[in-house]
Amino acid sequence: MGERIRVLIDGREFEIKKGTPLGEILKLAGVDGAIGGKVGNRILDLQTPLFEGGELKPIFKGDPESLEIMRHSLAHIMAQALKELYGTERVHLGVGPTTEEGFYYDVEVEGHTITEEDLPKIEEKMREIIRRDYPILRKELSREEAIRLFEDLKERYKIDIINRIPPDEVISVYQQGDFVDLCKGPHLPSTGEAGAFKLMSVSGAYWLGRSDQPQLTRIYGIAFWNEKDLEERLKFYEEAKKRDHRRLGRELEFFLIDEEVGPGLVIWLPRGAVYRRVLEDYWKEEHLRRGYHLVYTPHVGRSRLWERSGHLEYYRENMFPEMEMEGEGYFVKPMNCPFHIAIYKSKVRSYKELPLKLAELGTVYRYEMSGVLHGLLRVRGFTQDDAHIICTPDQVDDVIRETLDLALSMLKDFGFEDFRIYLSTKPEYATGTDEQWERAQNALRKAIEELGHDYEVDEGGGAFYGPKIDVKIKDALGRFWQCSTIQFDFNLPERFDMTYVGPDNRKHRPYMIHRAILGSIERFTGILLEHYGGLLPLWLSPTQVRVLPIADRHVEYAKRVFSELERAGFRVELDDREERLGAKIRDAELMKIPYVVVLGDKEVETGTVSVRGKREGNLGSMSLEEFIDMLRRKVESRE
RNA sequence: GCUGGCGUAGCUCAGUCGGCAGAGCGCGGGAUUUGUAAUCCCGUGGUCGCGGGUUCAAGUCCCGCCGCCAGCUCCA
C-alpha cells in the first residue's frame, strides 16, 4: 500500500502510486488526447494500471503504435459483430491479434461457414457498433471468475487460453456493450474511436497453429486511421495483383505450369527461355571470373548415396519417392551437394588447390505439399544457382567475404539495392566442434561488418550442421524476399570423409560452405517479374527491339534495320504484319518490349529510325548508329 | 496435407428458376497501305476440369477425384 514508482514523461519526472491507470498518470502530467502509452516495448492503453516505473511515452492517434491499439479494438468489434449476426451462443472466439496492416480473428460459427460473401454484412454491423460508441472497459478477474465467465459464454477456446496463462499473470477482460472478451489489451477508450477498415479475406487456421487441433475460420481485415491510408493500402494490393508474376508469366509468354505435366513443374516458353539463357550466361561469367569451376551432375543418384549424405534420415519426406532399377534404389536429387562432394573426392586434394569452388545450375526436385505451391515462387522442380566451396580453416574469412561480396554485387546488378542480412548461429542440437562453430560464425560476422552492412542475429537459428548468412532483398513494392544463403556444413565433410593434404603432409578435414545467390532461377524470376512489373531491364529483356514498318513499301528498309541491329548483337523482332501502326505499337507495349523503331517514308528517305521507348515514350528520330550506341550503353550499365 | 472458395473456347469472362452453350480478344480468310496503345467484314473455336449420381432433361443440383486461389500447416 502506498508504494510509489517514478515515471518519466516528456523528460519530466512524476512520482505516482504504483498501480495507477496510465490514463490518470497522463492526466496528472497534463498530457491531453493520448489513447495509450508505451513503456519499454509494451504498448498499454489508458485503463491499464502501471506497476513499474520508467519512461512513459504517450501515444496519440496517428503515431505508429496507435494503430496497434486501434486494430486490436477492431478485432473485438468484429467479434462482437459476429456474435450479433450469428448469435452469441453459436460464435466461439479463438484469438484476435493485430497484424502488420490490420487484424484478424479466428472464430468458429456453429452451423454456418463464413465466406467472403458474408464480409460486407459483417463490415456493416461493425460500423454500426462503432456508431454506437460503446465505452471499452477493462476489468481484471481472478482465474476462477474468468473461467466461470467464459464457461457461461460457451467460449471453449478462451478457457483453453486461460489455462495457458502463467499463474502469476493478471487476467483481464474488455467489455463493450454486452460483449466481453478475454484480452490483455491494449484498447481504445471507446468503439467510436476506431478508424477506417476493410475486411479482406476468409481462410482456415488451426487452433494454436497445430494441425491436430480444430480448424477455425480466420477473418482478415486491414485498418488505418483514415480512409486515405486505407485507400493507399488497397491500391498497393491492386498494384501487387497487376504485378503478379503468374499473370505476367502467361502474358509475356515466359512460362507455363500445365496441369497435365504436373503441379509445381515449370515449363519455360521460348521468350522466357531467352531471358533465362541471358541470366544463366551472366551467372556463369560472374562465377568464372571469381575462380569457380562449373560442373554438371546427374538428376538422380543411388539410394546409398542419400543414405550416406543423411538425406534419407533427415530430408526424406521432402524427396520424391524412391525408384528401383536392376534391384538398386535411386532418388531424384533434392540437393546437389553429394555430387559436388563426389567431384571433390575424385582425387587426392592438396591444400594448394583450396579453396575449391564448384558451381552448378543444378535442377533439383523436392516434394512440396500441394497447398503451398505458388507460381514460380514455390515449386517442386527448380534450378538452384548452387555452389560448394571447400577450403582450409584459415581460408574461411576470405572465402566468406568474397562470397558475400559476390552475392550482393550480383543482386545489385539486377537492380536490388536494399538488403536485409541475417546471421543464424548455433542451435541447441548441433554437429561440429565448438571451435568450428566459433570460427565459422566469426567469419560470417566479420564479412558482413567489413562490407559495411547491418544485420540481425538469429541466435540459435542455424541448422544443426552449421551457421549461415541469409540475404533478403527488397522489391519495388517494399516486400522482402529471401534469395542468397551462405551456409557452413560440418556434417557432410565428416559423413563423406572429405580430406585434403596439408603442408605437414597429413590429412585434414576441410571446411565446406554451401551457397546460393539468386536462390533458384525460377523463384528469382518470379521476384524479378514482380519487382519490374514485367518490364525487365534491357539486358534481360527477351526481345530488346521490335522493328515496325508502317506500310509495305517500308518493309525492305525495315529488314535492313532489323539485320543491322541483329548484327550489333541485339535481340530484335520485325513486325511486318499488314496492321496499322497503332496496333503494332499496342502489341509491342503489351509485350513490354523496351524499344520499338518506327519506319516510314521519312525514315527511309533520311536513313534514320524513329525510336519509342517503353519507359520513355516517343524519343523522335535518330541515326541507327546513335540508337545502337544508346542500346549498348544501357545494356552495359544494366539499366 | 487441412479449411474455404473457384474451375465454361488459347485468354478474359457472361450463362437467370434445371429446358437449343454465348461475348470480346486471339486464331484463319478477305478487304484496307496505314505515323506512335486496338481498321473493317466473314469465318473458326467447347468432353462446360475428370468420374459417378438425381432428373423426362444437368454448365446449373448431389457425391468422389484432379487442379487453381487465399490462408493454415510444413519449409536441415
Side-chain angles (χ1 to χ4, degrees), chain A residues 94 99 104 106 108 112-118 200-220 241 244 246-247 250-251 253 256-264 309-311 313-319 334-335 337 366-375 378 424 427 429-431 461-466 468 482 485 487-492 514 548-555 576-593 595-603 610-614 616-621:
Chain A
T99 63
Y104 66 80
D106 287 348
E108 181 181 75
H112 178 74
T113 33
I114 300 216
T115 67
E116 298 197 355
E117 281 165 27
D118 296 319
M200 299 299 287
S201 64
V202 176
S203 66
Y206 294 112
W207 175 238
L208 303 173
R210 283 180 16 205
S211 51
D212 58 341
Q213 295 286 329
Q215 194 161 27
L216 310 184
T217 305
R218 176 168 298 180
I219 307 175
Y220 278 91
K241 206 174 158 191
D244 190 319
R246 292 167 297 186
R247 175 210 194 98
R250 186 174 54 238
E251 287 173 0
E253 295 175 14
L256 174 79
I257 295 171
D258 184 312
E259 187 183 327
E260 198 174 359
V261 171
S309 70
H311 285 91
E313 198 177 335
Y314 297 104
Y315 203 71
R316 189 166 192 159
E317 68 272 23
N318 292 299
M319 293 166 70
M335 295 187 194
C337 349
R366 297 181 185 175
Y367 167 71
E368 299 281 358
M369 284 191 290
S370 56
V372 306
L373 301 175
H374 182 89
R378 197 74 186 269
S424 300
Y429 299 101
T431 186
F464 77 86
Y465 52 81
K468 62 172 177 174
Q482 201 207 304
T485 182
Q487 203 153 359
F488 277 89
D489 192 326
F490 304 135
N491 182 41
L492 292 179
H514 170 101
L548 310 183
I550 291 176
D552 284 351
R553 64 179 177 280
H554 311 123
V555 169
D576 56 0
R577 292 174 303 163
E578 288 181 26
E579 269 300 346
R580 302 219 162 160
L581 179 61
K584 293 184 183 184
I585 293 206
R586 183 185 146 83
D587 289 342
E589 288 279 343
L590 289 176
M591 289 309 280
K592 301 191 195 295
I593 291 167
Y595 291 97
V596 298
V597 293
V598 174
L599 306 176
D601 290 337
K602 211 167 68 190
E603 287 70 29
S610 174
V611 178
R612 179 189 160 106
K614 170 86 180 114
E616 309 93 310
N618 194 343
L619 294 172
S621 288

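What you are looking at is a predicted structure, and each value in this text was computed from that prediction instead of being measured. In what follows, chains are A, B, ... by sequence order, proteins preceding strands, each numbered from 1.
Within the 4.5 Å cutoff, side-chain heavy atoms of A:Glu368 are placed close to those of A:Leu373.
Shown are A:Ile550, A:Leu619, A:Val598; of these, the side-chain contact (heavy atoms from CB on, under 4.5 Å) with A:Ser610 is made only by A:Val598.
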So if I define the base as every atom that isn't primed, P, OP1 or OP2, how would nucleotides 2-13 of chain B read as a B/S/- string at a heavy-atom cutoff under 4.0 Å? BBS------SS-
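Closest non-hydrogen pair, A:Tyr367 versus A:Met319, comes out as CB-O, 4.1 Å.
The base of B:rG35 is paired with the side chain of A:Glu603 by a donor and an acceptor separated by under 3.5 Å.
Contact annotation for A:Lys602: base contact, defined as any heavy-atom pair under 4.0 Å involving a base atom. Residue contacts shown for A:Ile257 are absent, as no nucleic acid heavy atom lies under 4.0 Å away. Across all strands, A:Gln482 comes closer than 4.0 Å to no nucleic acid atom at all (heavy-atom distances). Across all strands, A:Glu251 comes closer than 4.0 Å to no nucleic acid atom at all (heavy-atom distances). Residue A:Arg580 is classed as a base contact, given a heavy-atom separation below 4.0 Å to a base. Note on A:Lys468: nothing from the nucleic acid sits closer than 4.0 angstrom, heavy atoms only.
The same atom, C1', is picked in B:rU12 and in B:rG19; the two are 28 Å apart, to the nearest Å.
Nearest to the side chain of A:Tyr465, among B:rC75, B:rC72, B:rA76, sits B:rA76. Here B:rC74 is the nucleotide among B:rG35, B:rC74, B:rA37 with the atom lying nearest to any side-chain atom of A:Arg378.
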Which dot-bracket string describes RNA chain B (Watson-Crick N1-N3 plus N6-O4 or O6-N4, or G-U N1-O2 and O6-N3, all under 3.5 Å; [ ] crossing; | other strand)? (((((((..((((.....[..))))((((((.......))))))....(((((..]....))))))))))))....
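Taking atom CE of residue A:Met200 and atom P of nucleotide B:rA70, one finds them 13 Å apart after rounding to whole Å.
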